[in-house]
Participant: 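I'd like to ask you about the structure that follows.
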Amino acid sequence: MSDLRDLQLQLADAMLAGGTPLSGALRGDAKADASNRLAIYQHGYRIRLREALATEFPGLALLAGRRFARLLDDYVAAHPSTHFNIRWHGDGLAGFLMRTAPWRDRPELAEMAQLDWAISTAFDAADQATVSAADLAGLAPDAWAALRLHPLPHARLLRCTSNVDAFRRAADRGEPRPALRRWRRARHLLVWRPALDVRYRQVTVAELPALLGALNGDSFAQLCERLAQRHGVAALPRMAALLAQWLDERLIGRLTLPGATTM
Amino acid sequence: MSTSRQLPYLGFGLGLRVDHYETLIDEPGNVQWLEIVSENYLVPGGRPLRWLEGFRERFPLVMHGVSMSIGGTDPLDMAYLDQLAALARHVEPAWISDHLCWTGVQGVNLHDLMPLPYTEEALQHVVDRVRRVQDRLGRRILLENVSSYISFAQSQLTEWEFLAAVAERADCLILLDINNVHVSAHNHGFAALDYLDGLPASRVQQFHLAGHERGGELLIDTHDAPVVDAVWDLYVEAVRRYGRVSTMIERDDHIPPLAELLAELEHARSLADALLQEAA
């Protein structure tokens, strides 16, 4: 191993482990000894990651309160950053909170991290035009059954058992911390970016099967079948109403018909 | 070997920060060019790229990165370089810069500008990587001197000897951060003017001016405060040595209203103008 690599490995180890400096490799002087000089980098690493993650996870910061800094330090200690963009270190935070004690005992933390991260990644996801009602106007009546409605590729459906969306909203508006509410039955949140602004909302129980189907690439007929299991003959008008809502919300990014090009 | 700057003189500019997007695009004042942090725009789409498009239409831009890890001993990140090249094709920057440092090892990113030991081994290593980066990007790059708090027992060269040798041997250019020279000179006890005297003038393409804070007996490069008098004095000495060099104010934290940075920029311009008119 080259001297340079050996030095870098030792220095990185000392920074990540927060340990003492490499013996003899660093110079100190009357202004500061080697240990105090290295401590500037050790401190900077932790603070920089804290600040970067706090920017990406404002809802989690509000929900975790005073424990937020410790939560981030635990995550950073367990998972050193590997991406050149510091922001992308946030990618594993929700999974860490889901798996790791004591944070896993409060599932709302992982749910909040999922919502924050979905919003963060939607913010600068690839631009894509959305489908409008006019795009569907010329569709032949017998083509509807096979039609597939593809939500925007960055759209995320999140399952949650607490009102994490209220925390994110409060964080965005600079409002006080809301009361935490836990639900016996899980609910779902949809995150997407119709133009430049990211949106999120709760998904109704009636909408969920159709939305799951659309995300799964089901045909329009299959979406109606999913709704029919709950609504019987009312499935078609309900699906029509949902389609109108999705188009109005600019959620659908693409239409496809088997054997035809993208519409 | 090329020895001249060859790249254009852009005048007086600013580091582009989100806080100033709206003001700057409507009322650019005396800002002649902008430096973008490349990583902020290595994204698929959305608002960052929309803003960038607007600035690209109104200002000459340069790209400044923090992730090249030119002194690192992990393999060069070719995917990163290709993203950088793709962004450059879109932005058409006057130049691309990064730092004379390493940022991680064994796949772990320390998200800091770590100093190098100034040895012949490190010099040859950096020169080789600069050449490969320049080949990949199809252009010469600028390397910036970093502020540092540690130094290595094994160093055989001064920092400026090392930087000058990298620039000469790899045929790259220098982004001289005047504040970083001041901070490192204080922290390591060398003379800042020796640093300026030791660099090849024809390779100094850009200046950074910034603020710092005191941390005990050391100075910490925080970019969160106005430029101090000692750095203004050093800037005058740099202009005296290198002539008209594209200059910008860099503020990364505690971002003040744009007017405050415009005033600093005007001060830089008046100092340079006074000196260069006097010399003419």
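Note on naming: letters A, B, ... go to the chains in the order of the sequence lines (proteins, then strands), and numbering restarts at 1 for each one.
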Participant: If you count every heavy atom of other residues, nucleotides or ligands that lies below 6.0 Å from B:Glu22 atom CD, does the total exceed 12?
Facilitator: no

Participant: Can you confirm whether A:Phe84 sits close enough to B:Val66 that some side-chain heavy atom of one is under 4.5 Å from a side-chain heavy atom of the other?
Facilitator: no

Participant: Considering only heavy atoms from C-beta outward, does the side chain of B:Ser151 approach that of A:Leu26 to under 4.5 Å?
Facilitator: no

Participant: State, to 0.1 Å, how close B:Phe152 and A:Arg27 come at their nearest heavy-atom pair, and which atoms those are.
Facilitator: O-CZ, 3.4 Å

Participant: Specify which of B:Ile150, B:Ile220, B:Leu218 makes the most heavy-atom pairs with chain A at under 4.5 Å.
Facilitator: B:Ile150

Participant: A:His89 versus chain B, heavy atoms under 4.5 Å apart: side chain, backbone, both or neither?
Facilitator: neither

Participant: Which pair of heavy atoms, one from A:Tyr45 and one from B:Asn109, lies closest together, and at what distance?
Facilitator: CE1-O, 3.8 Å

Participant: What is the minimum heavy-atom distance between A:Ala12 and B:Val105, and which atoms define it?
Facilitator: CB-CG1, 3.5 Å

Participant: Quick check on the interface: out of B:Val43, B:Asn40, B:Thr103, B:Leu116, who has the most heavy-atom pairs with chain A under 4.5 Å?
Facilitator: B:Val43

Participant: What part of B:Leu42 gets within 4.5 angstrom of chain A, counting heavy atoms only: side chain, backbone, both, or neither?
Facilitator: side chain

Participant: Tell me, side chain or backbone of B:Asp77 under 4.5 Å from chain A's heavy atoms, or both, or neither?
Facilitator: side chain

Participant: When rounded to the nearest 0.5 angstrom, what distance separates CG in A:Asp3 from OG1 in B:Thr73?
Facilitator: 11.5 Å

Participant: Just so I know, are the side chains of A:Arg5 and B:Gln106 near enough to count as touching, which here means a heavy-atom distance under 4.5 Å?
Facilitator: yes

Participant: For A:Tyr41 and B:Ser148, which heavy atoms make the closest approach, and how far apart are they?
Facilitator: OH-CA, 3.4 Å

Participant: With a cut-off of 6.0 Å (strictly less than), are more than 12 heavy atoms of other residues, nucleotides or ligands near CZ of B:Arg50?
Facilitator: no

Participant: Looking at every non-hydrogen atom in both residues, tell me the closest pair between B:Pro44 and A:Ala126 and how far apart they are.
Facilitator: CB-N, 3.4 Å

Participant: In plain terms, say whether A:Asp124 and B:Arg47 are close enough for a salt bridge, that is, a side-chain N and a carboxylate O under 4.0 Å apart.
Facilitator: no

Participant: Given that the side chain runs from C-beta out, which part of A:Asp29 has a heavy atom under 4.5 Å from chain B: side chain, backbone, both or neither?
Facilitator: side chain

Participant: Is it the case that the side chain of A:Arg37 and the backbone of B:Asn187 share a donor-acceptor pair, with hydrogens and angles ignored and the cut-off at 3.5 Å?
Facilitator: yes

Participant: Verify the neighbour count for atom CZ of B:Arg131: are there more than 12 heavy atoms of other residues, nucleotides or ligands below 6.0 Å?
Facilitator: yes

Participant: Between chain A and each of B:His188, B:His125, B:Met114, count heavy-atom pairs under 4.5 Å; write down the option with the most.
Facilitator: B:Met114

Participant: At a 4.5 Å cut-off on heavy atoms, which part of B:Leu110 comes close to chain A: side chain, backbone, both, or neither?
Facilitator: both

Participant: Counting heavy-atom pairs under 4.5 Å to chain B, which of A:Asn85, A:Val198, A:Asp197 comes out on top?
Facilitator: A:Asp197

Participant: Return yes if some donor-acceptor pair links the side-chain N/O of A:Lys31 with the main-chain N/O of B:Gly216 below 3.5 Å, else return no.
Facilitator: no

Participant: At a heavy-atom separation under 4.5 Å, does B:His186 approach chain A through its side chain, its backbone, both, or neither?
Facilitator: both

Participant: Would you mind checking which part of A:Ala125 comes under 4.5 Å of any heavy atom in chain B, side chain (CB onward), backbone (N, CA, C, O), both or neither?
Facilitator: backbone

Participant: Do B:Gln154 and A:Leu4 come close enough that some side-chain heavy atom pair is under 4.5 Å?
Facilitator: no

Participant: Counting only heavy atoms from other residues, nucleotides and ligands, does the tally under 6.0 Å from NE2 of A:His43 exceed 12?
Facilitator: no

Participant: Where on A:Ile86 is there a heavy atom nearer than 4.5 Å to chain B: the side chain, the backbone, both, or neither?
Facilitator: both

Participant: Nearest heavy-atom pair of B:His111 and A:Ser81: which atoms, and what distance?
Facilitator: NE2-OG, 2.5 Å

Participant: Strictly distance-based, threshold 3.5 Å: is any side-chain N or O of A:Gln8 a donor or acceptor partner for the main-chain N or O of B:Trp102?
Facilitator: no

Participant: Answer whether the closest heavy-atom distance between the side chains of B:Pro48 and A:Phe123 falls below 4.5 Å.
Facilitator: yes

